[in-house]
Amino acid sequence: MQKIDIEQIPGGASPPPIRVGEATIEEAAIAQEMQYHPADSAGTAQLKAARALVVRELLRQRAAVLGLSDAANGELDEADAAIAELLERELDVPDPAEEDCRRFHAAHPERFSEPTRLRVRHVLLAAAPDDAAARDAGYRLGEKLLEELAAVPERFTEFAQRHSACPSKEQGGELGWLAPGQTVAELDRALQHLPEGLHERPLASRYGWHLVSIDERVEGRELPYERVAEHVRHSLREQATRRALRHYLLALEAEIGVEGVTLDDDAGRSLMQ
């Protein structure tokens with residue numbers, strides 16, 4: 001049977017049945033699984049869910065062949081335990097050598113560094129992304145408030161309490177110390193490049209406009225290998241495990257047979273997570 005990506009099915013048409021060996025992955029099971037695979041479209045979520053169920057079924061059938069807790073017919077917890085035992089038995093993932101760890105650390109110092117930290121205050125002027133009038137009015141108000149703050153910085157707390165739509169207004173707009181990833185993505189990216197002080201223009205996010213003051217900035221720094229050796233070793237072992245799992249699943253796919261969907265390079269990612 002030709003294998004087809006679910007996203008390519010024309011509107012209104014039913015996807016081909018998905019089979020793993022003699023077992024069928026039911027559409028209801030895929031629909032239930034979709035909640036664990038957020039994506040930018042229903043089709044993508046459906047495809048990810050189908051692949052995740054195919055991976056589990058391949059592993060359950062292999063575990064059953066080896067007599068591990070009758071995994072093909074057992075309860076979910078029993079099946080999970082059998083799959084864990086199966087992978088422990090059949091995946092060969094050697095510990096990374098010390099020289100490989102040091103080489104990886106030297107090649108990717110940014111992955112093992114202390115992040116830049118910022119002590120931030122802000123005023124959020126709320127406006128929905130699709131409300132052009134509110135966005136325009138919010139930006140104009142932001143410019144006006146920034147002009148006043150440039151002249152009298154001490155009014156920041158007052159303005160936060162009067163105008164901000166963020167709960168931080170109760171603390172005068174204080175967000176405290178922020179590291180990368182601790183605020184909304186579009187604001188987070190902008191903050192990383194700002195110097196200390198009041199930023200001269202409003203910053204946009206999906207929530208509206210932010211008037212931002214960087215009160216203190218502590219730059220990140222690279223950490224010596226000795227400080228992060230275990231983190232480096234864990235990263236390399238995780239990479240090796242992901243590669244080994246992918247090759248193992250592709251071998252099971254060829255041996256057992258899968259119809260209706262193909263595994264991809266991320267096969268097994270949901271198990272790793």
Side-chain angles (χ1 to χ4, degrees), residues 36-40 44 48 51-52 55-56 59 80-81 83-122 166-168 171 173-197 199 203 205-207 210 212-251 263-273:
Y36 306 114
H37 304 275
D40 56 5
T44 300
K48 288 182 176 180
R51 283 172 171 161
V55 165
R56 287 185 57 83
L59 294 173
D80 286 344
I83 287 172
E85 184 179 349
L86 171 70
L87 296 179
E88 182 70 23
R89 177 187 296 191
E90 299 216 312
L91 281 191
D92 182 17
V93 184
D95 284 330
E98 178 70 11
E99 58 268 25
D100 292 333
C101 291
R102 290 184 176 275
R103 189 179 306 114
F104 188 74
H105 173 260
H108 304 281
E110 73 286 348
R111 294 184 57 174
F112 308 102
S113 298
E114 287 184 342
T116 296
R117 296 185 304 126
L118 307 169
R119 189 160 61 85
V120 180
R121 288 179 295 162
H122 85 142
C166 177
S168 65
Q171 290 77 45
E174 292 275 1
L175 294 177
W177 286 97
L178 298 180
Q182 289 188 311
T183 187
V184 62
E186 50 268 40
L187 180 61
D188 184 62
R189 288 191 295 269
L191 289 176
Q192 299 310 307
H193 303 288
L194 297 186
E196 290 184 1
H199 189 52
L203 296 175
S205 82
R206 70 198 72 174
Y207 299 112
H210 302 258
V212 170
S213 176
I214 307 295
D215 294 335
E216 194 171 352
R217 182 183 181 98
V218 178
E219 297 295 339
R221 62 188 180 92
E222 294 181 10
L223 296 173
Y225 174 74
E226 288 70 24
R227 287 274 303 277
V228 295
E230 285 305 311
H231 185 191
V232 175
R233 190 174 303 278
H234 175 77
S235 296
L236 281 180
R237 182 171 177 80
E238 189 176 65
Q239 286 186 7
T241 300
R242 188 176 291 111
R243 286 194 299 269
L245 181 57
R246 176 177 176 272
H247 291 311
Y248 181 66
L249 290 172
L250 292 176
L263 298 183
D264 62 0
D265 288 343
D266 288 333
R269 178 179 292 273
S270 59
L271 289 175
M272 292 289 292
Q273 294 172 338

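Side chains are part of it too, since the values below use all heavy atoms of this structure and drop only hydrogens, waters and symmetry mates.
With rounding to the nearest 0.5 angstrom, the CZ atom of R242 is 13.0 Å from the CZ atom of R237. Atoms CD and NE2, from E226 and H105 in turn, are 8.5 Å apart once rounded to the nearest 0.5 Å. Rounding to the nearest 0.5 angstrom, the gap separating the NE2 atom in H247 from the CG atom in D92 is 12.5 Å. Here CG of D100 is found 11.5 Å from CG of D95. Values are rounded to the nearest 0.5 Å. Atoms CZ and CZ, from R117 and R217 in turn, are 12.0 Å apart once rounded to the nearest 0.5 Å. The distance from the NE2 atom of H199 to the NE2 atom of H210 is 12.0 Å, given to the nearest 0.5 Å.
Around atom CD of E88, no more than 12 heavy atoms belonging to other residues, nucleotides or ligands sit under 6.0 Å away. Counted within 6.0 Å of OH on Y225, heavy atoms from surrounding residues, nucleotides or ligands total more than 12; the atom is thus considered enclosed.
A salt bridge links R221 to E114: one of the charged nitrogens lies within less than 4.0 Å of a carboxylate oxygen. The pair E99-R103 does not count as a salt bridge, with every side-chain nitrogen at least 4.0 angstrom from each carboxylate oxygen.
In this structure the side chain of V120 reaches within 4.5 angstrom of the side chain of I214, judged on heavy atoms. The closest side-chain heavy-atom distance from L118 to Q192 is below 4.5 Å. Counting heavy atoms from C-beta outward, E174 and S168 have side chains that stay 4.5 Å or more apart.
Heavy-atom minimum distance, P180 versus D188: CA-OD1, 3.5 Å. C101 and V232 get closest at one heavy-atom pair: O-CG1, 3.3 Å. Nearest heavy-atom pair, W177 versus Q182, reported as atom, atom and distance to 0.1 Å: O-OE1, 3.6 Å. The two residues D80 and R56 come nearest to each other via the heavy atoms OD1-NH2, 2.7 Å. Residues V212 and L191 come closest through the heavy atom pair CG1-CD2, 3.7 Å. Minimum heavy-atom separation, Q171 to P167: OE1-O, 3.8 Å.
Annotation: H108 is not in aromatic contact with F112 [ring centroid separation under 6.0 Å not met].
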